[in-house]
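In what follows, a structure is listed as structure tokens, so that the remarks can point back to it.
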Amino acid sequence: MKHFDISESSQRERIQTVIYDGAEGASMAVANEIRDIIKERQKSGKNAVLGLATGSTPVRLYRELIRMHRDEGLSFANVITFNLDEYYGLSGDHPESYRRFMQDQLFDHVDIPEANTHVPDGLVAREEVFASCSAYEEAINAAGGIDIQILGIGRTGHIGFNEPGSGPDSRTRLVTLDSLTRRDAARDFLGEQNVPRHAITMGVGTILDAKKVFLLAWGEAKAEVIAQAVEETPTDIIPASFLQSHANCVFNVDRSAASQLTRVLHPWLVGPVEWSAPMTRKAVQWLARKVNKPLLKLVDEDYSENGMGDLLTEKGSSYDLNINLFNITQHTITGWPGGKPGADDSHRPERATPHPKRSLILSPEPLDDVFCLGGTMHRLANQGHEVTIAYQTSGNLAVPDTEVRRAIELIIELGEERQADTEAKFARTVEKHLDAKGQFGADTAEVRHLKGLIRRSEARSSARLLGLDISHLSFLDLPFYENGRYRRFSMTAEDVSIMKALLEKIQPHQIFATGLGHDPLSVPAISFEVLREALKQCEGSDWLKECNIWLYRGLGTEWEAHEIDMAVPLSPDELKNKIQGIYQHQTQRSQSPSSSQKGPSDAWNLAEQVNRNTAEIYDALGLAEYEAIEGFKLWNA
Ligand code: PGA
């Protein structure tokens with residue numbers, strides 16, 4: 001039976017949605033359910049039938065199941081699995097095939113009989129696709145139907161590969177992938193052009209037949225689609241919304257993925273709220289945007305007609321509320337991101353002293369820094385602060401082969417000219433490795449190293465343009481990334497000790513970092529975890545007590561106005577200079593700008609757009625009109 005959560009705050013939700021602090025807890029809850037059904041069936045000598053998903057989302061769940069097998073002796077001998085989908089045209093041993101993924105992430109680590117694991121066959125001949133898909137459905141039925149179906153969700157609203165347009169009755173079939181889905185997979189395939197165009201997927205109807213469904217979602221990139229699926233009328237534009245008709249479906253999401261649900265985004269619309277300072281700020285700024293007025297022009301009716309009458313009663317009048325909010329917002333603006341020496345700093349985001357400051361900018365990969373805070377970095381350097389940029393990972397996975405071949409040819413030619421044997425020899429080795437790896441093979445350590453060096457040179461060039469002292473760039477090459485691949489990273493103790501050593505060496509007065517709220521297996525999220533752990537280990541240090549940690553939101557996104565604690569305006573020239581800085585990252589030109597943003601795939605326009613947009617919002621709220629703004633949120637660890 002479905003358990004409806006009928007609390008007022010979730011009244012708009014048409015699917016039971018449970019919000020967890022993080023992916024960890026949400027995954028454990030599902031792992032426990034799976035364990036219970038496996039054990040229950042074991043008692044009666046029956047099988048448990050699981051519908052499984054791939055992608056980053058279920059990785060933690062699979063890690064937990066593996067742990068249960070290893071540490072608690074949970075046997076999978078009575079488990080039968082059916083995976084949702086497979087890329088069409090990929091063989092099971094292709095590194096990006098979903099069969100390979102399942103072997104690596106789960107099957108090879110538990111005692112499930114090989115014959116019990118089913119993944120659609122990606123290599124079936126075109127004329128046999130139909131029969132093969134029917135056979136897949138029959139096999140599910142023959143096994144007794146799916147007991148628990150695990151789902152992720154794509155930003156298109158797909159479940160499995162049921163892209164927009166998939167009806168609620170659709171069955172297992174061959175489908176064409178949406179361009180946004182292909183863009184999201186571009187990193188895995190080292191370029192969008194390599195991502196298969198078709199896939200075989202269970203249908204929405206097949207999924208709806210499962211006895212119980214858990215959909216999991218993490219990170220802010222999923223927030224919008226989760227809100228649509230949960231709160232809006234079912235439509236084939238968001239196939240996941242058809243889950244509303246399932247009698248036993250639960251969405252387990254983390255805070256970031258829940259952030260666009262009405263009860264989180266606009267709680268005052270669905271019930272009484274406690275009017276804390278941040279809640280008031282959020283609500284009043286929302287109101288101003290909603291009624292399209294600057295803060296100082298809001299009147300009592302605006303408040304009372306938009307679910308904020310109690311706020312008015314509590315605070316007295318719209319006049320007081322407006323002024324208060326205007327001042328708060330005004331005080332976020334500063335052209336002095338390192339603090340203004342000699343100035344009264346009681347209403348400034350950053351302290352005046354000490355001056356100059358030691359500012360540490362953490363960039364998960366080269367490009368994040370200039371893309372998100374190029375203007376701020378330029379100001380910090382100009383205002384005399386000691387700025388270190390630490391690139392947490394090398395970013396070598398995002399360098400196309402064509403770029404490294406160019407570098408190889410250059411090195412070989414120069415090596416021959418100068419009879420510099422060692423370099424030329426190294427370059428030839430790298431060339432051989434590239435030739436041998438085939439289209440989707442993994443790069444050797446040597447190839448990755450050279451690719452990393454290319455990104456270093458781009459980072460230097462960019463930093464130089466922004467007026468930074470490039471002897472203060474630090475390339476950490478964190479091992480989680482060097483030894484890993486997309487969607488499969490995991491933090492190690494070595495990562496943390498490298499980060500800790502850097503913090504202790506610099507003892508920064510301020511740190512700029514990103515990754516909070518991102519997909520937990522993404523490079524920024526893990527880079528942030530590494531920082532968080534390292535900070536924990538530095539707890540009690542004098543420098544840390546005095547250190548402000550400023551969060552930037554990440555590639556292609558920006559904080560909402562009510563979240564911004566420091567807004568650094570950029571002049572037209574500064575914005576131009578920043579864009580020039582971004583241009584230095586030549587190898588990233590065709591890369592997808594962000595895993596968390598719909599929109600143009602050209603990173604180079606996106607930064608400009610985002611910063612202009614923030615300035616427009618400030619302007620609309622009735623504050624000064626700037627060309628562009630970079631926003632930061634103060635992190636209270
Ligand atoms: P992800 O993919 O888990 O890698 O985000 C989910 C999906 O596309 O279904």
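In each ligand, atom 1 is the first atom listed, and ligand 1 is the first ligand listed.
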Exercise for review: Give a yes or no on whether His449 atom NE2 has more than 12 heavy-atom contacts from other residues, nucleotides or ligands under 6.0 Å away.
Suggested key: no
Practice item. Ignoring hydrogens and angles, tell me if any N or O in the side chain of Asp147 forms a donor-acceptor pair with the backbone of Val49 under 3.5 Å. Key: yes
Exercise for review: Using only heavy-atom distances, determine whether the side chains of Ser394 and Glu482 contain a donor-acceptor pair under 3.5 Å.
Suggested key: yes
Point to revise | Interfacing atoms of ligand 1 (cut-off 4.0 Å, heavy-atom, Ser56) | key: 1 (P), 3 (O), 4 (O)
Revision key, fill the gap. Heavy atoms of Ile200 and Asp121 approach each other most closely as CD1-O, 3.5 Å
Check your understanding: Below 3.5 angstrom, do we get any N/O pair linking Asp519 and ligand 1?
Key -> no
Revision key, fill the gap. The atoms of ligand 1 lying under 4.0 Å from a heavy atom of Arg487, numbered in the order shown, are 1 (P), 4 (O)
Check your understanding: Looking at Arg171 and Asp209, does any basic side-chain N land under 4.0 Å from a carboxylate oxygen?
Key -> yes
Practice item. Report the part of Ile153 in contact with ligand 1, treating N, CA, C, O as backbone and CB onward as side chain, heavy atoms under 4.0 Å; options are side chain, backbone, both, neither. Key: backbone
Review point. Which atoms of ligand 1 sit under 4.0 Å from any heavy atom of Gly154?
Key: 7 (C), 8 (O), 9 (O)
Exercise for review: Under 4.0 Å from a heavy atom of Gly152: give me the atoms of ligand 1 that qualify, with their elements.
Suggested key: 9 (O)
Check your understanding: Starting from atom 8 (O) of ligand 1, which protein heavy atom do you reach first, and at what distance in Å?
Key -> His158 NE2, 2.6 Å
Check your understanding: Quick one: does Arg155 get a heavy atom under 4.0 Å from ligand 1?
Key -> no
**Study point:** Contact atoms of ligand 1, heavy-atom distance to Thr57 under 4.0 Å
**Key:** 1 (P), 3 (O), 5 (O)
Practice item. Considering the heavy atoms of Gly55, write down every atom of ligand 1 situated less than 4.0 Å from one of them. Key: 3 (O), 4 (O)
Practice item. Name the orientation class of the two ring planes belonging to Phe489 and Tyr481 (parallel below 30°, tilted from 30 to 60°, perpendicular beyond 60°). Key: parallel
**Study point:** Stepwise ring-ring contact (aromatic ring centres under 6.0 Å, His included) test for Phe214 and Phe251
**Key:** CA-CA 6 Å; Phe214 282 106; Phe251 280 20; over 10 Å; no
Check your understanding: Do you know the tightest heavy-atom contact between Val124 and Tyr88?
Key -> O-OH, 2.8 Å
Check your understanding: Please state which protein non-hydrogen atom is closest to atom 5 (O) of ligand 1 and give its distance, to 0.1 Å?
Key -> Lys222 NZ, 2.6 Å
